[in-house]
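First comes the structure, then the notes that go with it.
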Amino acid sequence: MAIVLGYAAIYLIWGSTFLAIRIAVDSIPPLLMMGVRCVAAGSMLVAWAALRGERGNARQWRHALLAGGLMFGGAYGGLAWAEQRIPSGVAALIVATLPLWMTAIEWVLRGARPSLPALLGVATGFGGVALLVVRGGGAPLALLPVAIVVLGEGAWAVGSLYARPPRLPKSVALNAGMPLLAGGVMLIAASWIGRELQTFHLRDVSTASLAALGYLIVFGSIVAFSAYAWLLQVSPAWRVGTHAYVNPLIAVALGAAVGGKPLTTALIASAVVIAGSVAMILAERTPHTAAPPPPPAAFTARRPVPGLRETRQPGPA
């Protein structure tokens with residue numbers, strides 16, 4: 001039952017965060033909203049790690065600044081800004097291209113040449129994004145917000161590869177919490193530079209936006225990530241990675257059912273193409289299994305299983 005609940009968390013919660021972001025930015029400036037989310041979630045994770053006697057050193061914090069700037073300052077900030085201009089389901093489908101970026105960047109930077117099926121998956125996935133841009137919303141989408149999300153996922157992929165130990169601690173809480181906190185501070189600073197903070201008034205925030213922000217902090221960043229980290233210990237990494245193509249399908253369905261966004265034929269076709277491309281890439285990963293330990297309360301994250309390769313996926317958004 002614990003494993004079922006864990007998968008439900010990373011499938012449903014992370015799939016719903018795109019709609020939650022769209023609701024949150026209705027009355028909260030995007031950079032400020034994401035900054036508060038990241039600082040709050042990052043602080044909780046770092047504090048939890050400190051209670052367990054885990055702390056990062058100065059060198060690791062310097063690496064966390066760079067990783068956090070790429071993953072959260074760039075990817076999360078760009079996503080929040082773009083969701084004011086494109087539907088949440090469309091944004092989720094673009095975010096689903098992360099494994100394509102990971103494959104391409106590892107090939108360029110590390111010489112890890114992907115197999116032919118993986119290359120086909122990369123080409124097919126970006127073809128799905130092209131279809132999404134041209135006809136995904138029933139009409140051509142604005143190119144700038146789409147480009148921002150696509151480039152943001154590239155930044156996330158680079159930051160994710162950079163953030164692997166030993167640059168950052170092996171502790172799951174610190175490995176996520178330090179970049180989250182650093183990236184959140186950068187987002188709030190960017191909000192001030194962009195004059196979001198100077199024109200922001202708390203009285204203008206709607207109850208729906210405030211509730212969405214709370215949902216993103218508690219469920220999107222804390223609960224779902226803890227479930228993800230625990231699942232990496234008790235399930236094969238390739239199976240946990242299936243959330244990368246389930247999340248956008250959940251997001252598209254929620255956008256249509258709750259957000260009132262049209263479910264066009266082109267949008268459905270794009271979802272199928274992108275999800276299929278990610279499936280092709282994930283199918284090429286070598287499964288790693290681990291003996292399942294007793295499930296910790298509330299999916300509390302422990303250290304990853306030695307030898308288990310962990311690949312960051314957004315969720316979240």
Side-chain angles (χ1 to χ4, degrees), residues 31 34-77 98 101-102 105-106 109-110 112 152-193 216-218 220-234 237 240 288 290 293 296-317:
L31 298 180
M34 275 299 190
V36 171
R37 174 192 177 184
C38 291
V39 166
S43 298
M44 292 179 195
L45 287 167
V46 170
W48 170 246
L51 289 174
R52 299 168 61 190
E54 300 170 347
R55 290 175 176 82
N57 57 39
R59 179 182 58 82
Q60 290 169 331
W61 274 107
R62 287 195 296 270
H63 290 309
L65 282 172
L66 178 55
L70 289 167
M71 293 190 293
F72 302 106
Y76 271 29
L98 175 63
W101 278 109
M102 297 290 287
I105 291 172
E106 284 194 314
L109 297 183
R110 300 185 176 184
E153 289 312 293
W156 179 282
V158 173
S160 177
L161 293 172
Y162 181 83
R164 289 174 176 171
R167 291 191 182 98
L168 265 65
K170 292 182 179 180
S171 160
V172 171
L174 286 179
N175 193 269
M178 289 169 63
L180 260 173
L181 182 55
V185 170
M186 291 181 190
L187 282 167
I188 292 175
S191 176
W192 181 79
I193 293 171
L216 288 168
I217 293 170
V218 176
S221 295
I222 301 298
V223 175
F225 178 80
S226 296
Y228 170 73
W230 178 70
L231 284 171
L232 281 171
Q233 298 181 55
V234 301
V240 179
H288 294 274
F299 304 105
T300 300
R302 305 293 296 179
R303 292 179 181 271
V305 174
L308 179 63
R309 179 181 178 183
E310 177 179 345
T311 301
R312 290 174 181 264
Q313 308 284 356

Taking every non-hydrogen atom, the tightest pair across Ala64 and Met178: CB-CB, 3.8 Å

Non-hydrogen atoms of Ala67 and Tyr162 that approach each other most closely: CB-CD2, 4.2 Å

Closest non-hydrogen atom pair, Ala173 against Trp48: CB-CD1, 4.2 Å

Side-chain heavy-atom pair Leu45, Leu174 within 4.5 angstrom cut-off: no

Ser221 side, atom OG; Met44 side, atom CE - distance, nearest 0.5 Å: 9.0 Å

Ser43 side chain vs Val39 backbone, donor-acceptor pair below 3.5 Å: yes

Reported CZ-to-CG distance for the pair Arg62 and Asn57, which is rounded to 0.5 angstrom: 8.0 Å

Chi angles and distances behind the side-chain contact (heavy atoms from CB on, under 4.5 Å) call for Arg37, Leu187: CA-CA 10 Å; Arg37 174 192 177 184; Leu187 282 167; over 6 Å; no

Distance, nearest 0.5 Å, that separates CD1 of Ile222 from CG of Leu180: 8.0 Å

Heavy-atom closest pair, residues Gln60 and Arg55: OE1-O, 4.4 Å

Any donor-acceptor N/O pair, Asn175 side chain to Lys170 backbone, under 3.5 Å: no

Leu216 side chain near Met34 side chain, heavy-atom distance below 4.5 Å: no

Gap between atom CG of Leu70 and atom CG of Leu65 - 0.5 Å precision: 11.0 Å

For Cys38 against Tyr76, the heavy-atom pair lying closest together: SG-CD2, 3.8 Å

Neighbour count >12 (heavy atoms, 6.0 Å) for atom CH2, Trp192: no

Heavy-atom closest contact (Val46 atom, Trp61 atom, distance): CG2-CH2, 4.3 Å

